[in-house]
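For this chain, numbers begin at 1 and follow the sequence in order.
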Amino acid sequence: MPESKGRKKTTASRYQLHPQRKQRSKPSPKWFAPVMGALMIVGILVIVWNFFRNDGQSFDPKVMWLGLGVLAAGFFGISFWK
């Protein structure tokens, strides 16, 4: 009876000792963290200024939301810092 040739064996696809690693993404620019920190500080200052202007008699919710938005933008931006 004739012998079959069999399948070709692939040694590379069997297993890998060192799996493929993801390439690192670029680090953030040096100005990124200070700008996000400044945004958070400005947001806090706007909120505090809203409470203390005119001796606390004129609280404006629009200014409060503006300060919270600037503060949130700083926190959101700093979450992407590398």
Side-chain angles (χ1 to χ4, degrees):
M1 184 174 266
E3 291 184 24
S4 64
K5 292 182 180 179
R7 288 188 282 175
K8 293 181 181 178
K9 294 184 180 179
T10 58
T11 57
S13 65
R14 194 168 154 196
Y15 63 89
Q16 295 179 352
L17 293 177
H18 302 288
Q20 297 284 334
R21 293 189 178 181
K22 294 180 182 178
Q23 291 182 350
R24 288 188 172 191
S25 58
K26 293 181 183 178
S28 299
K30 295 194 183 278
W31 54 265
F32 189 76
V35 168
M36 294 302 121
L39 273 176
M40 289 188 276
I41 291 171
V42 167
I44 291 171
L45 290 176
V46 167
I47 292 169
V48 170
W49 172 76
N50 189 28
F51 279 113
F52 289 114
R53 66 184 176 142
N54 295 333
D55 296 329
Q57 299 299 321
S58 64
F59 173 78
D60 189 9
K62 293 176 187 174
V63 176
M64 180 73 169
W65 283 110
L66 174 70
L68 287 173
V70 172
L71 184 63
F75 275 113
F76 182 74
I78 206 72
S79 67
F80 293 105
W81 180 47
K82 295 178 186 172

Problem - Whether Asn50 side chain and Asp60 backbone form a donor-acceptor pair below 3.5 Å - result: yes
When clusters are formed by joining ILVMFWY residues with side-chain heavy atoms under 4.5 Å apart, either directly or through shared neighbours, do [X] and [Y] land in the same one?
X	Y	result
Leu39	Trp49	yes
Phe80	Val35	no
Val70	Ile41	no
Val48	Met40	yes
Met64	Leu45	no

Handout entry: Closest non-hydrogen atom pair between Lys82 and Lys26, with its separation
Key = CD-O, 3.8 Å
Practice task
Enter the distance from Phe75:CZ to Met36:CE here, rounded to the nearest 0.5 Å.
Solution key: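 Reported to 0.5 Å precision, the distance equals 12.5 Å.
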Exercise for the section: Drop me the distance from Phe76's CZ to Leu71's CG, to the nearest 0.5 angstrom. Expected result: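 Going from the CZ atom of Phe76 to the CG atom of Leu71 covers 14.0 Å.
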